[in-house]
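See below for the structure under consideration.
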Amino acid sequence: MSRKASDNVEYTLRSLSNLMGEKRRQQADGSAGSGAAAAAAGERSLIAAESCSSLNSAASGGELERAARRQFQQDETPGFVYVVSVFSALGGFLFGYDTGVVSGALLLLKRELNLDALWQELLVSSTVGAAALSALAGGVLNGLCGRRPCILLASGLFTAGAGVLAAARDKETLLGGRVVVGLGIGVASMTVPVYIAEVAPPHLRGRLVTINTLFITGGQFFASVVDGIFSYLAKDGWRYMLGLSAVPAVIQFLGFLFLPESPRWLIQKGQTQRARRILSQMRGNQAIDEEYDSIKNNIEEEEKEVGAAGPVICRMLTYPPTRRALIVGCGLQMFQQLSGINTVMYYSATILQMSGVEDDRLAIWLAALTAFINFIFTLVGVWLVERMGRRKLTLGSLAGTAVALIILASGFLLSAQVSPRITLNPPDPSHQNSTCTKYSYCNGCMLDPDCGLCYKLNKSSVIESSCIPVNKDSTMKAAWGRCSNETVFKKEDLFWAYNFCPTPYSWTALLGLILYLVFFAPGMGPMPWTINSEIYPLWARSTGNACSSGINWVFNVLVSLTFLHTAEYLTYYGAFFLYAGFAALGLVFIYGCLPETKGKKLEEIESLFENRLCTCGMSDSDEGRYIEYIRVKGSNYHLSDNDASDVE
Ligand SMILES: O[C@H]1[C@H](O)[C@@H](O)[C@H](O)[C@@H](O)[C@H]1O
């Protein structure tokens, strides 16, 4: 079904070194003879001469190569593509902001609106649940109405949700606002990567789609800073936290009133004139005939082969290449969440506290630090994706993540094994007979979400330790006793540990946390989104992305909701070892099934899934090869790592 570029148009592929060779040969032939030689060699030489003439200033071979590369890049990258990508990626920013901001807002909300644990849970999970549903529904919308209306719809939902949240007077309205925001997140999370992939030139596609995840983690970081700032505003601080997202949402909405529809979607719907206009806007000074023809031929051939009858998901499942692509796409999203990113982020403050940061007020800023590391290392991913390729980056990232999880788990294991003994059992003044006072070691106390440890330090050893119920309003202090008043207990050199046990090995968990983010953020964070945006043929792209994004959100809810129970049954280290196990399974899956898609045109990628699923990872394993191809008619040329067998 899918064809090589050479099937579509008169195309000559040749490596950059061939091009350089031609140039050198011409130079050797002498300046007078070079024109004649080019004429004799026909179109090929003509193109080589044309291409090389732009490089005349470069003296040595190395410089020539660099100059050629610069030239290619300049020609390939009109600024408009970047503008369009950044405006779309605001959807990613809002996804990150709205999922990240809620933890800080809840700290204030639970006091002001007297929220119990169930309502707090509802305000967090309703958004993620709504995102799962709307990501699935977004597939149909994308197919029927196009990418642009879906992005407009998402920014409209973000704006409306922010307005409702900022003005809310009761918890029911807040819940409504969070659901509206969640609907926006779901639609944005599946549409934006598809849209960017469809407008980007092949050699930049990975980088531009990965920018969307950079914006997600940027949104999460920005949210944690906003949480930090407005946490000092005890009354109504949450209104600013939740309402601020209206600003980027309105900017995106206004921007998209003027930005174009995806040319690929337009061609599919038969609006070819508009598609041509938009494609040439996106490609600047490039001739677009080849790309246009290739998309058009592909659509026609797809319709012939797969047919247009029946629901897309059924056609995807009965046609082996799309079935395999769907399994790979959904598997990647599932393993992203099963590696525990959101619980690691959520528990980052605890992990940092375990490692000796004692100022509780800092907790919110520590979460910002974690979000910052996640953001900065996603930037590394943007840089690496077109250098290393998707496959190597994902494999390396997941392997590192698995090792980091083992270190993180070992940190918790060590601290459980040397868990301090409870030496004081003060009587409960309320006579409620809490379970906390029954524990003999800190380890049991830390695993009980209702209890914390109140203790003193003698040099580095824990003394006078007691397990006390945690204050219902703030986990920073005990419900009663020595550790119930923050200012008093700090003066008396007492410490309060909630969710962790003070041990000399806590740094192991900190090391694990940092390594986790360093490895996860450049690869497993962005690649599932990036790869999903490119592995489906056009007719299956909306549905494929809807399913895989839906899987991402469903596993996000599952992992977050089950973490506390998993930790209770398996202990913290058990939970992190479990995530390490999932990461190891993910490694095997990705090693076997994920082919390299770097530099391929979207229309070529389907052929990578023609082999049996478990061998797709081996198909076309020409990673690292980088061959440029040049158009014969017209002066444009572009980068690709296409197969050398394509040379005519
Ligand atoms: O790719 C993103 C990113 O890694 C985020 O940090 C995480 O919160 C999301 O769940 C994930 O989908």
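Remember, it's 1-based here, ligands and their atoms both numbered in the order they're listed. Computed from heavy atoms alone, side chains included, the values below leave out hydrogens, waters and symmetry copies.
Ring planes of Trp529 and Phe95: perpendicular class, angle over 60° (limits at 30 and 60°).
Contact atoms of ligand 1 toward Phe520: 4 (O) (distance under 4.0 Å to a heavy atom of the residue). Close contacts between ligand 1 and Asn374 involve ligand atoms 6 (O) [criterion: under 4.0 Å to a heavy atom]. When each atom of ligand 1 is checked for a heavy atom of Trp529 under 4.0 Å away, the hits are 1 (O), 2 (C), 12 (O). Taking every non-hydrogen atom of Thr213 and a distance limit under 4.0 Å, the qualifying atoms of ligand 1 come out as 1 (O).
Ranking protein heavy atoms by distance to atom 1 (O) of ligand 1, first place goes to Gly525 O, 2.8 Å. Among protein heavy atoms, atom 6 (O) of ligand 1 sits closest to Gln220 OE1, 2.9 Å. If you check which protein heavy atom lies closest to atom 7 (C) of ligand 1, you get Asn342 OD1, 3.6 Å. Among all protein heavy atoms, the one lying closest to atom 12 (O) of ligand 1 is Gln336 OE1, 2.9 Å.
Heavy atoms of Thr378 found under 4.0 angstrom from ligand 1: none, in either backbone or side chain. Counting heavy atoms under 4.0 Å from ligand 1, residue Thr99 does not touch it at all. Contacts of Gln337 with ligand 1, taken as heavy-atom pairs under 4.0 Å, involve the side chain alone.
Less than 6.0 angstrom separates the ring centroid of Phe563 from the ring centroid of Phe576. Note: Phe93 and Phe222 meet the aromatic proximity criterion, with ring centroids under 6.0 Å apart.
Between Arg207 and Arg387 the shortest side-chain heavy-atom distance falls below 4.5 Å. Thr394 is listed as a side-chain neighbour of Ile531, based on a closest heavy-atom distance under 4.5 Å.
Between the side chains of Thr127 and Arg178, at least one donor N or O sits under 3.5 Å from an acceptor N or O.
Within 6.0 Å of atom OH in Tyr591, 12 or fewer heavy atoms from other residues, nucleotides or ligands are found, so the atom counts as exposed in its surroundings.
Selection from Leu517, Thr217, Val128, Asn552 by nearest heavy atom to atom 3 (C) of ligand 1 gives Thr217.
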*asked:* Evaluate Phe555 against Gln336 for side chain to side chain contact (heavy atoms under 4.5 Å, CB included), listing each step before the verdict.
replied: CA-CA 9 Å; Phe555 277 87; Gln336 181 198 64; over 6 Å; no
